[in-house]
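Let me begin by presenting the structure, written as structure tokens, before commenting on it.
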Amino acid sequence: QVQLVESGGGLVQPGGSLRLSCATSGFTFSAKTMSWFRQAPGKGRELVALISYSGGRTNYSGSVKGRFGISRDNAKNTVYLQMNSLKPEDTAVYYCNTFPSMDYWGQGTQVTVSS
């Protein structure tokens, strides 16, 4: 049974940082490209970052490039998203998934950037 458990969100001031984690199980994590998505209130789900199965390649949306960093630990079946220089427009629920995404989604973790 696939599980995706996101954590690490919270309330942070503009310019602050957060590190999100996503613990996974139920599939061969080390063989999958992984991704982070986000969904802001009233908007569709947006792809934020990708990381190849080995971690050797990453890709970012233009809105977060240079501020966010995706990484993974294949020994722990966990993917991370380091978010720096956060802006109010980064406020969203953040989700991890494979890429292409599976039909299953976790509960996500809320990130709120506000002063």
Side-chain angles (χ1 to χ4, degrees):
Q1 182 179 357
V2 171
Q3 286 197 321
L4 303 168
V5 181
E6 300 90 348
S7 62
L11 173 63
V12 62
Q13 291 187 343
S17 297
L18 283 173
R19 189 191 192 210
L20 307 184
S21 299
C22 175
T24 76
S25 62
F27 63 98
T28 308
F29 178 83
S30 60
K32 298 290 188 180
T33 294
M34 293 299 297
S35 60
W36 282 96
F37 290 78
R38 68 185 180 186
Q39 187 164 19
K43 296 189 177 181
R45 197 166 282 165
E46 172 194 13
L47 177 63
V48 171
L50 298 172
I51 186 166
S52 63
Y53 68 95
S54 68
R57 290 180 296 170
T58 58
N59 218 329
Y60 300 93
S61 70
S63 59
V64 307
K65 195 169 186 178
R67 300 188 297 121
F68 289 13
I70 187 172
S71 60
R72 66 191 295 159
D73 185 336
N74 284 349
K76 296 182 178 179
N77 293 342
T78 300
V79 62
Y80 305 96
L81 187 67
Q82 177 68 43
M83 305 188 297
N84 300 323
S85 303
L86 282 161
K87 304 176 181 181
E89 51 263 44
D90 295 319
T91 295
V93 179
Y94 284 72
Y95 303 88
C96 75
N97 210 309
T98 58
F99 189 84
S101 60
M102 299 179 286
D103 290 339
Y104 174 82
W105 293 85
Q107 84 288 350
T109 187
Q110 174 71 49
V111 172
T112 302
V113 185
S114 175
S115 55

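It should be emphasised that the depicted structure is a prediction, and the values quoted were computed from it without experimental measurement.
The minimum heavy-atom distance between L47 and S35, with the atom names listed, is CD1-CB, 3.8 Å. Taking both residues in full, the closest heavy atoms of F37 and T98 are given as CE1-O, 4.4 Å, listed atom of the first, atom of the second, then distance.
Listed for the E6 side chain is a donor-acceptor partner under 3.5 Å among the backbone atoms of C96.
Applying the salt bridge (Lys or Arg N to Asp or Glu O under 4.0 Å) definition to pairs two or more places apart or across chains, those involving residues 41-53 are R38-E46. Screening residues 32-77 for disulfide (SG to SG under 2.5 Å) gives no qualifying pairs among residues at least two apart or on separate chains. Among residue pairs with one or both ends in residues 42-76, none qualify as ring-ring contact (aromatic ring centres under 6.0 Å, His included); sequence neighbours excluded. Applying the salt bridge (Lys or Arg N to Asp or Glu O under 4.0 Å) definition to pairs two or more places apart or across chains, those involving residues 66-76 are R67-D90.
Checked against side-chain contact (heavy atoms from CB on, under 4.5 Å), L11 has the following partners two or more places apart in sequence or in another chain: T112, S114. For S52, there are no side-chain hydrogen bond (donor to acceptor under 3.5 Å, both in side chains) partners at least two apart in sequence or on another chain. For S85, there are no side-chain hydrogen bond (donor to acceptor under 3.5 Å, both in side chains) partners two or more places apart in sequence or in a different chain.
M34 and M102 fall within the same hydrophobic cluster, where Ile, Leu, Val, Met, Phe, Trp and Tyr residues are linked whenever their side-chain heavy atoms come under 4.5 Å apart, directly or through other members. Residues L86 and Y95 do not share a hydrophobic cluster, defined by chaining ILVMFWY side chains whose heavy atoms lie under 4.5 Å apart. With hydrophobic clusters built from ILVMFWY side chains whose heavy atoms lie under 4.5 angstrom apart, F99 shares a cluster with W105.
Taking the side chain as every heavy atom from C-beta outward, W36 and V79 approach each other to under 4.5 Å. Considering only heavy atoms from C-beta on, Q110 comes within 4.5 Å of T91 through its side chain. With contacts defined as side-chain heavy-atom distances shorter than 4.5 Å, the pair L50/I70 does not qualify.
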Check: Can T109 and V93 be said to form a side-chain contact (heavy atoms from CB on, under 4.5 Å), step by step?
Finding: CA-CA 5 Å; T109 187; V93 179; 6.0 Å; no
For residues 13-31, tabulate all N or O donor-acceptor pairs below 3.5 Å that involve a side-chain atom, not counting sequence neighbours.
unit_1 : atom_1 : unit_2 : atom_2 : d
S17    : OG     : N84    : OD1    : 3.0
T24    : OG1    : N77    : O      : 2.9

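When each of V12, V64, V111 is checked for a side-chain contact (heavy atoms from CB on, under 4.5 Å) with M83, only V111 meets the rule.
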